[in-house]
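Here is how names work: the chains are called A, B, and so on, in the same order as the sequence lines, proteins then strands, and each is numbered from 1. When reading the values below, keep in mind they use all heavy atoms of this one structure, side chains included, and skip hydrogens, waters and symmetry mates.
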Amino acid sequence: MSGALLSADQLGRWYGQVVGLSDLTLSLERGVTGLVGPNGAGKSTFLKLVAGEIRPSRGTLEVLGLKPFANAELFRRAGFCPQQEALYEDMTGLEVVRFLMRLHGFSAAEATRRANEALDRVGLGDARKRRVGGYSKGMRQRAKIAQAIAHGPELVVADEPFNGLDPVGRAEMTALFAQAGREGMSVLVSTHVLHEVEALTHEIVLFHRGRLLAQGPVGQVRQLLSRHPRRVELRAREPRRLARALVELDFVLSVRVGPADGRIDVETFELERFFEALTRIAAETRAGVTSLESHDASLEAVFDYLVA
Amino acid sequence: MLNFLRTTWLLYRTHLVRTLRARRMWLVAFGVALAPAIAWVVAQSPRTIRGLDVLTALGFLLTINVMAPLASVIVGAAVLGEELEDRTITYLLTRPISRPAILVGRWLASATVLVALFAASAALLGWVAGGFPPPSNEKYVIPPGLTGALVGASALAVLTYSALFSTLGVFFKHPMIVGLGYAFTIEGFLANLPGKNQALTIQYYVRCFLASQHPQAWAGVEDVVPREPLDAAQAVRWLLGIALVALAIGAWALRRKQYELTA
Amino acid sequence: MTASAPQAPVISLRGVVKQYGAVRALDGVELEVAPGATALLGPNGAGKTTMIKLLLGLVKPDAGEARLLGFDPRKPADGVELRRKVGYMPESDCLPPQMNAVELVSTLARITGLSESDAITRAHESLDYVGLEEQRYREIAQYSTGMKQRVKLAQALAHDPPLLLLDEPTNGLDPKGRRHMLELVADLGRAHGKSVLLCSHLLPDVERTCDHVVVLDRGRVAASGALLELTRSQSRSSRVRVAGDVEAFVRELASHGIACERESERVLRVRAPGDDADELFALAGRAGARLEALEEQRSSLDQVFLDVLKNSREARG
Amino acid sequence: MKAATHTEIYRPFRDALAPSRWAFWPLYRAQMAIATKRKLPLFILFFGPAMTGIVVSFLAYLQFQIEESGSGGPLISGGGLVAQFASQLLEVHKLIIAAMKTVRFFAVLAMAWYGAGLICDDRRAGAHLLYFSRPLTRFDYMLAHFATAFTFGCCAVLGPGLLICLVATFNSPDFIFLTEKWPVIVATIGYSLVFVTALSALILAVSALSKRKSYALAAVFGVFMSTLALGGAMSALMRERQWWMLSLASHFERVADWWLGASRSFHRWDPWWSVAVLGGLTLVSFAIVAWRVRRMEVVA
């Protein structure tokens with residue numbers, strides 16, 4: 001089914017006076033999208049609206065061309081991994097996923113097959129027969145992801161699926177979502193830990209105070225932020241000599257030499273010309289450059305600029 | 001409609017297994033086994049005791065009056081209340097199923113277990129009471145249909161109570177507390193008041209069903225026979241009516257209900 | 001509170017074993033934790049929480065010796081005394097929902113031994129320090145994850161303990177909140193001479209705040225040492241991102257006998273002669289290319305963590 | 001970019017920590033603060049006891065008014081005075097017993113509501129992690145929760161009792177109620193404290209055993225209602241009052257009638273039986289609480 005994955009028009013949702021989402025107009029294409037934003041920015045509310053668990057208080061929302069709330073057609077084609085840890089404690093991992101698959105209309109055998117396959121895929125193969133009550137936080141997250149992908153949905157909505165996973169688990173789940181994306185499944189993942197999103201996708205949507213602040217590949221979003229100069233961090237054995245030469249360049253805004261560790265922070269509006277000039281100056285001054293890094297491209301920097 | 005039936009059957013099967021495994025089920029089973037056990041203990045005592053009294057006193061005072069509402073509150077409130085409190089309802093609300101089936105399917109499972117337990121307990125009580133020495137006076141012979149009436153009354157009581165308390169789970173955050181409040185303070189208070197407000201309590205209809213078939217048998221136990229008792233058929237219609245209405249309201253509300261499960 | 005005696009280990013464990021039924025949570029742990037900020041890493045279920053409970057004297061070890069700030073957690077009297085000198089920030093949810101932040105922190109401070117007035121002032125100071133402004137008077141049930149984490153840290157700080165046991169302090173925090181929490185932890189460790197034992201899964205956080213690292217795996221210490229040592233890579237090489245005429249630059253490197261591996265289209269891994277990259281800049285200039293990023297190849301803590309786990313699992317078959 | 005610097009001045013805490021002997025006190029104060037935050041349940045649950053106290057005090061006041069206006073004569077010597085008001089004193093004594101009986105039901109409701117959630121809510125919220133990582137012994141923890149339940153019990157039982165005695169004392173001429181009937185006052189206080197202690201222990205044990213406050217409430221209701229029904233059914237069956245000993249509520253009633261010196265009492269059995277049963281139950285309850293709190297301290 002072509003067309004936009006989802007589109008929201010002046011979407012709003014609040015709980016009493018507490019505003020979850022104030023006024024969101026957004027449309028997303030298929031593929032893997034990272035949803036980032038500070039605590040309380042409205043990510044969870046938005047995901048619950050997309051998953052059809054709650055109704056908008058204002059505005060309209062269409063997912064896969066459908067009105068999401070309590071829409072059986074959407075539930076057939078989408079999987080939801082909620083934020084809360086709750087699971088059926090007294091059932092085993094296999095029983096939980098198989099039961100939920102049966103609700104999708106699969107036969108007993110088909111449900112069991114899909115449950116086993118999903119559990120293997122998230123790495124819960126050997127724990128499938130154990131009671132969920134005994135699962136660690138990481139295992140619970142994997143079980144929740146398993147029930148969201150077991151019925152082979154077109155869209156998976158996951159609310160902070162990496163919360164509580166150790167680095168091994170995190171790496172595996174990121175790979176799983178990336179693979180799902182490659183297999184044509186659209187994935188909408190919200191997370192706090194930005195370096196996870198960068199590993200998973202370049203397409204980000206940034207929420208803040210219940211509104212859409214930015215959307216698109218990280219790099220391009222950074223370009224739009226012209227009002228913020230680009231920051232480059234250098235380290236050299238003789239920082240002062242190098243700094244004196246750099247200050248001469250007319251497109252360099254400021255140079256700050258760190259007190260002890262030979263660090264130089266440079267702010268400039270034209271990054272490319274700066275790198276060209278640096279290559280020349282470093283060769284001439286032989287100031288012993290040991291590291292060169294430009295922070296701005298990282299999502300965290302973009303996040304700070306926008307959310308500051 | 002087919003989706004409703006299929007989902008109800010699925011939820012029925014799953015919840016049945018989970019209810020049987022739940023720790024609180026042993027508590028309810030113990031409570032229900034109390035009446036027949038006590039009857040058996042009484043049977044051992046040398047005193048001459050009439051089987052009829054054992055059946056009526058234990059049957060009504062213990063099983064119908066206290067155990068039925070208590071067990072129904074504990075099991076009924078867990079039908080939806082527990083799932084809401086644990087916030088696992090999300091997994092059901094985002095499935096392509098008919099939502100009313102969630103309430104109906106799970107209630108059916110709880111009701112099955114409750115009815116089975118209470119019917120068995122009443123039947124067992126009847127059997128133990130039957131084993132007592134025949135009474136000297138003809139008046140105190142246990143009329144043949146009395147045990148059947150007790151079994152019926154117990155089953156109907158838990159059926160109706162559990163339907164009511166399950167529906168409370170849809171509307172209230174703490175259905176157990178609201179249920180306890182109703183069962184023990186409101187019902188306990190209203191059921192003993194003279195006049196029409198008895199009709200507001202489920203106990204009244206259960207007593208009507210119970211006493212209307214063999215009124216003289218229940219004379220021994222005070223305040224069982226209500227002042228203007230309905231006949232058995234009317235009482236049954238009322239009880240089933242209450243259960244159906246309660247479930248219908250709950251099911252209808254569940255269709256559009258949003259549960260704001262704050263993180 | 002005077003800082004603990006210099007260099008005496010804050011925590012020392014010798015041959016500590018703790019068994020829960022069939023599961024051996026701690027399997028003969030040998031560990032010395034020096035003052036300052038130490039990270040305790042390990043996959044889920046490696047025994048971190050058991051170790052913390054053991055140090056707090058809440059759990060008795062089946063075998064082995066444990067010392068915390070010179071106290072033996074096994075002895076009840078010591079157990080109570082040492083909990084006065086430790087600030088514990090649990091990983092799981094642990095805040096009573098109906099209380100507000102001031103009530104909770106001051107009550108816990110009073111339990112620790114502060115007088116009524118001290119408890120209230122310390123509560124407000126700690127809440128100021130963690131940056132919980134006027135929300136401190138609202139019920140905790142309405143707090144966001146970030147605010148809850150801050151209250152948890154505040155209650156651990158209220159009685160100014162020399163040792164802090166922080167279990168996943170940045171869990172569930174957004175980047176701003178995480179950075180703020182990490183700065184607090186680093187500030188406590190370095191500026192106020194507090195010893196910090198930090199359990200975390202977010203290794204970048206650990207890299208920012210801790211100087212020592214202990215890796216626990218299946219109840220045993222898989223690796224421990226100073227962070228810098230652990231992450232010092234064996235081969236000294238640099239990772240370079242190049243722009244402009246990349247091919248010319250590669251040829252230039254080859255002509256000067258500098259080995260270079262191509263990590264991706266514009267990223268190369270180069271073994272630079274001498275200990276700085278001036279030569280690389282010169283070669284790039286000559287080849288009509290420019291360097292956009294250059295970093296000493298230091299294996300990130302992630303890498304170290306994964307390698308340590310791999311060898312410890314292989315070692316134990 | 002907004003400069004974010006962390007110059008929060010972290011001021012170390014100068015004076016030493018006092019050795020906390022009364023560690024339970026701040027926890028108790030906090031529990032009470034939480035409980036009394038919501039005013040509606042407080043009003044609903046204590047409306048009954050308050051009304052009982054006021055109504056019965058008024059009746060006691062009336063007792064002394066009627067006779068006084070009637071006699072009119074000069075005050076007769078002390079002994080005579082007592083004889084003259086003997087009937088009133090006896091009447092007030094009966095009033096107190098009646099008040100204590102009615103108040104018992106309300107006390108169970110109030111203590112169940114405030115007590116049932118104490119330990120199980122702590123475990124669900126995980127708050128025990130915070131408390132046990134403090135220099136707080138298990139005994140302090142239990143004492144704090146017990147004190148909370150005990151306080152609500154006293155408000156429901158001791159409050160009305162004392163009020164009635166007070167009004168009776170001041171309204172009886174030359175405080176003869178105090179001089180003559182002081183054993184009744186002492187008995188009322190003693191009985192209230194014992195009753196509230198036993199009930200607190202029972203409720204805390206139920207709270208320690210259940211997963212959630214709602215289950216604990218159901219259990220407390222269950223215990224009282226089912227034993228009551230059991231006692232009723234058995235005594236009707238066996239046609240002997242002894243069987244009421246199966247009912248927990250009857251034991252409380254028996255102890256009350258005996259301790260407060262009620263002339264006639266529904267139950268006939270030796271009161272020491274009830275004292276033994278209630279005493280045993282209280283000890284078992286404390287043991288259960290101690291065991292569960294020990295387990296709670298270890299398991300996360």
Side-chain angles (χ1 to χ4, degrees), chain C residues 1 49 52-53 56 58-60 76 79-88 90-99 103-104 106-116 118-119 122 125-126 128-131 139 152 155-160 165 176 179-180 183-184 186-188 191-192, chain D residues 1-2 4-38 117-118 121-141 144 213 293-300:
Chain C
M1 299 300 289
T49 313
I52 288 187
K53 287 185 111 53
L56 285 168
L58 299 175
V59 155
K60 297 287 177 283
V80 171
E81 206 45 44
L82 77 84
R83 278 185 239 144
R84 214 192 291 280
K85 296 222 177 347
V86 167
Y88 172 50
E91 179 248 347
S92 57
D93 271 348
C94 61
L95 302 174
Q98 284 97 6
M99 280 197 193
E103 262 170 5
L104 176 68
S106 57
T107 303
L108 291 171
R110 287 224 43 222
I111 292 177
T112 316
L114 278 77
S115 69
E116 171 98 28
D118 285 345
R122 279 304 295 176
E125 258 172 45
S126 313
D128 293 340
Y129 181 69
V130 295
E139 278 187 15
K152 283 202 260 185
Q155 62 85 22
L157 287 173
H159 53 301
D160 193 16
L165 301 178
K176 223 146 112 77
R179 220 177 10 265
H180 180 224
E183 273 155 14
L184 294 186
D187 179 55
L188 286 171
H192 303 287
Chain D
M1 167 152 159
K2 197 156 67 68
T5 58
H6 280 285
T7 52
E8 278 99 344
I9 311 113
Y10 176 84
R11 277 189 298 281
F13 172 62
R14 280 288 164 268
D15 24 13
L17 294 175
S20 54
R21 281 182 321 288
W22 304 102
F24 83 95
W25 180 254
L27 185 54
Y28 164 67
R29 283 266 310 280
Q31 294 284 8
M32 286 304 289
I34 296 178
T36 49
K37 252 186 193 149
R38 285 186 181 63
L118 285 175
D121 280 354
D122 261 2
R123 183 146 23 92
R124 242 163 73 86
H128 58 286
L129 274 174
L130 291 180
Y131 298 135
F132 290 126
S133 66
R134 300 278 148 173
L136 176 85
T137 59
R138 288 196 301 281
F139 177 72
D140 288 319
Y141 181 76
K213 173 173 177 174
V293 168
R294 172 79 193 90
R295 248 166 59 82
M296 206 161 97
E297 191 186 45
V298 169
V299 173

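- A donor-acceptor contact under 3.5 angstrom links the side chains of C/T112 and D/R134, judged on distance only.
- Interface residue D/L136: backbone and side-chain heavy atoms are both found under 4.5 Å from chain C.
- When C/E116, C/K60, C/K152 are compared by the number of non-hydrogen pairs under 4.5 Å with chain D, C/E116 comes out ahead.
- When heavy atoms are compared at a cutoff of 4.5 Å, C/E139 approaches chain D solely by way of its side chain, counted from C-beta outward.
- In this structure a side-chain-to-backbone donor-acceptor pair under 3.5 Å is missing from C/R83 to D/P135.
- A salt bridge is defined here as a Lys NZ or Arg NE, NH1 or NH2 lying under 4.0 Å from an Asp or Glu carboxylate O, and D/K37 with C/E103 meets this definition.
- Inspection of the D/Y131 and D/D140 side chains reveals no N or O donor paired with an N or O acceptor under 3.5 Å.
- In this structure, the separation between CG on D/L129 and CZ on D/R123 is 12.0 Å, given to the nearest 0.5 Å.
- Using a 4.5 Å cut-off between heavy atoms, C/L165 does not touch chain D at all.
- How far OH of D/Y141 is from CG of D/D122: 3.5 Å, rounded to the nearest 0.5 Å.
- With a 4.5 Å cut-off on non-hydrogen atoms, D/R38 touches chain C through its side chain but not through its backbone.
- Looking at C/L56, only its side chain comes within 4.5 Å of chain D, counting heavy atoms on both sides.
- Residue contact with chain D, scored on non-hydrogen atoms closer than 4.5 Å, involves the backbone of C/A156 exclusively.
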